[in-house]
Visitor: 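I'd like to ask you about the structure that follows.
What you see below is based on every heavy atom in this structure, not just the backbone, and it leaves out hydrogens, waters and symmetry mates.
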Amino acid sequence: MSDLRTNDLRQTVEDGDVAFGVIEGVYSPMMVELVGEMGFDFVWMDLEHAGPSPWDGQRLEDLLRAADAVGTELLVRLPTHEPALVRKALDAGVRNVFIPRVETAEEARKAIEAARFEYDGAPGKRGLASPRASRWGGAGEAYTETEDEEVMLGVTIETAAGVDNIDDIVSVPELGFVFIGPNDLSVSYGHPGEADHPDVQEAVESVRTAALANDVVVGGLTSGMDDVHEKVDAGYQLLNVGSTVGAVRKNLGDWFEQYENRT
C-alpha cells in the first residue's frame, strides 16, 4: 500500500474543474459507497446540524473506508472551529474539512493552523501521532509534507458579520475554499427562509466576488440543473446537488397520496 495519501477533491478544484457532491443524511457507509459509485466527487457529512458526534473517530473511519472503496472524498462540516476537533477529524483520515459560521479572519486562521504541520512560514499546530491518517505510523517520512499538501480546509460564510469581514477572511493564507450559506444568511439578515431576498443575494454576491478575486475556491448549494449551470458559469467549483434524504422524499414522499387518488 502506498504511504502517500492524495486528495482527489483538492486536485479537481486546483485543476480548475468543478466538483459535484451530495449530502448524505443518514450517515451510512453503504450510502457513502453508493453515492461514490455513481461518480460524485464528494459526499458531504454535516456534523453541525445532525449525525454522530464529531468526536467519534471510529465512526468517521468507517465512513472514510466506504469513500476510499469507491474513489470519492468525504467533505466533513464540523460544528465548530475548535482546533482540537479539526485535528481529531484529520487524524481519522478526513482530507476535506469546513467550518461553519466563520466571522473573522482569526477564526479561519486558527482552524487552518490546526490542520498544518507547517503554516505560513512557521510551525503549524497539528499534532504528530500515529493515527489512521498516518497509516498508524507507517506512512514514512513524507507524511507531514503530504498532509500539508493534500488536506483542504474551508469556511462557511453564513452571517452578516462574515460578509462584512470577507475581504480579510479570503486573505488568510492556505484557505482552501469558501462555502456560501444563503439559508443561514437569510436568518442573519432578518429574512429567515427567504434566500432570494435582495439583501441575501447581495451578500452572496459580495462573498463570491471577494473569494474569486483572491483565487479562493467558491462552493455552494444548488436547486436544479439550471441553477447548477448558472453557478458553474459564475465560477463556483464546489457544488452540492442534492441529498440522500431528499432523494427518498422526492421519490416516495407522495406515494400514499398517489395511491389514494388512483383508488
Side-chain angles (χ1 to χ4, degrees), residues 7-10 12-13 17-52 54 59-60 62-64 66-79 94-100 152 154-158 176-187 192-196 200-201 204 207-208 211 217-258:
N7 182 350
D8 291 339
L9 181 56
R10 179 167 182 164
T12 295
V13 296
D17 296 326
V18 181
F20 299 102
V22 172
I23 296 176
E24 207 301 88
V26 294
Y27 305 90
S28 161
M30 183 185 74
M31 291 304 296
V32 171
E33 193 171 355
L34 175 60
V35 171
E37 188 70 34
M38 293 177 179
F40 288 99
D41 300 290
F42 65 89
V43 183
W44 175 353
M45 288 292 161
D46 187 356
L47 303 185
E48 179 192 10
H49 294 295
R59 185 74 177 275
L60 275 177
D62 288 341
L63 294 166
L64 286 159
D68 291 344
V70 289
T72 191
E73 295 283 348
L74 291 193
L75 177 61
V76 177
R77 178 159 68 176
L78 299 174
V94 177
R95 301 176 181 92
N96 307 286
V97 172
F98 65 127
I99 312 300
M152 183 166 65
V155 300
T156 310
I157 302 299
E158 48 195 344
F177 60 93
V178 167
F179 200 95
I180 305 174
N183 294 325
D184 281 349
L185 281 172
S186 74
V187 176
E194 299 179 47
D196 291 332
V200 178
Q201 287 302 303
V204 168
V207 175
R208 185 189 72 87
V217 170
V218 179
L221 306 170
T222 62
S223 57
M225 192 56 69
D226 289 344
D227 189 39
V228 169
H229 286 297
E230 288 177 8
K231 283 188 166 64
V232 170
D233 291 342
Y236 285 72
Q237 286 184 264
L238 278 174
L239 288 175
N240 179 77
V241 300
S243 72
T244 55
V245 172
V248 172
R249 290 190 62 86
K250 179 179 180 180
N251 285 281
L252 297 177
D254 63 349
W255 188 90
F256 284 101
E257 181 179 348
Q258 292 183 43

Visitor: Among V97, N240, I23, N96, find the residue that satisfies the side-chain contact (heavy atoms from CB on, under 4.5 Å) test when tested with L75.
Guide: N96
Visitor: For the residue pair E194 / S186, report whether a side-chain donor-acceptor contact shorter than 3.5 Å exists.
Guide: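 No, no side-chain donor-acceptor contact under 3.5 Å.
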Visitor: If we check side-chain contact (heavy atoms from CB on, under 4.5 Å) with V232, which of these qualifies: D227, T222, L239?
Guide: L239
Visitor: Has the side chain of E230 got a donor or acceptor atom that lies under 3.5 Å from a matching backbone atom of A234?
Guide: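 Answer holds: no.
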Visitor: Taking C-beta and beyond as the side chain, do V43 and V22 meet within less than 4.5 Å on heavy atoms?
Guide: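 Side-chain contact under 4.5 Å: no.
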Visitor: Backbone N or O of D46 within a donor-acceptor pair of the Y27 side chain at under 3.5 Å?
Guide: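 Between the backbone of D46 and the side chain of Y27 there is a qualifying donor-acceptor contact (under 3.5 Å).
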Visitor: List the atom of E48, the atom of L78, and the distance in Å for their closest heavy-atom pair.
Guide: CB-O, 4.1 Å
Visitor: In sequence, state the C-alpha distance, the side-chain angles, and the governing distance for Q201 and D196, and then conclude on side-chain contact (heavy atoms from CB on, under 4.5 Å).
Guide: CA-CA 6 Å; Q201 287 302 303; D196 291 332; 4.1 Å; yes
Visitor: Can you confirm whether P100 sits close enough to E158 that some side-chain heavy atom of one is under 4.5 Å from a side-chain heavy atom of the other?
Guide: yes
Visitor: With the side chain counted from C-beta on, respond yes when N183 and L221 share a heavy-atom pair under 4.5 Å apart, and no when they do not.
Guide: yes
Visitor: Looking at every heavy atom in both A211 and V218, which two are closest together, and how far apart are they?
Guide: CB-CG2, 3.6 Å
Visitor: Starting at CE of M152, measure out to CG of L238 and round the result to the nearest 0.5 Å.
Guide: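 Result: 5.5 Å between the selected atoms.
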Visitor: Would you find a donor on one side and an acceptor on the other, under 3.5 Å apart, between the side chain of D254 and the backbone of E257?
Guide: no
Visitor: Do the ring centers of F20 and F40 come within less than 6.0 Å of each other?
Guide: no
Visitor: Once you round to the nearest 0.5 Å, how far does CD1 of I180 lie from CZ of R208?
Guide: 8.0 Å
Visitor: Take D8 and D41 through the test side-chain contact (heavy atoms from CB on, under 4.5 Å) and record every step on the way to the result.
Guide: CA-CA 8 Å; D8 291 339; D41 300 290; over 6 Å; no
Visitor: Any Lys/Arg nitrogen of D68 or R95 sitting under 4.0 Å from an Asp/Glu carboxylate oxygen of the other?
Guide: yes
Visitor: Taking atom OG1 of T244 and atom CZ of R249, what is their separation to the nearest 0.5 Å?
Guide: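 Nearest 0.5 Å value for the OG1-CZ distance: 12.5 Å.
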Visitor: Please tell me if the side chains of F179 and W44 come closer than 4.5 Å, counting only heavy atoms from C-beta onward.
Guide: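 Yes, at least one pair of side-chain atoms sits under 4.5 Å.
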Visitor: Does H49 reach the side chain of R77, with side-chain heavy atoms less than 4.5 Å apart?
Guide: yes
Visitor: If you round to the nearest 0.5 Å, how far is CD of Q237 from CG of L9?
Guide: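 One gets 10.0 Å once the value is rounded to the nearest 0.5 Å.
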Visitor: How about M45 and L63: do any of their side-chain heavy atoms sit closer than 4.5 Å?
Guide: yes
Visitor: CG of D233 to NE2 of H229: how many Å apart, nearest 0.5 Å?
Guide: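 Answer rounded to 0.5 Å: 8.5 Å.
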Visitor: Do the side chain of D17 and the main chain of V13 share a donor and acceptor less than 3.5 angstrom apart?
Guide: no
Visitor: According to the interplanar angle, ranging from 0 to 90°, do the rings of F98 and F177 count as parallel (below 30°), tilted (30 to 60°) or perpendicular (above 60°)?
Guide: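 Tilted, since the angle between the ring planes falls between 30° and 60°.
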Visitor: Roughly how far, to the nearest 0.5 Å, is the CG atom of L60 from the CG atom of L47?
Guide: 6.0 Å
Visitor: Is V248 close to K250 at the side-chain level, that is, under 4.5 Å between some pair of heavy atoms?
Guide: no
Visitor: Looking at V32, V70, T72, which one forms a side-chain contact (heavy atoms from CB on, under 4.5 Å) with E37?
Guide: V70
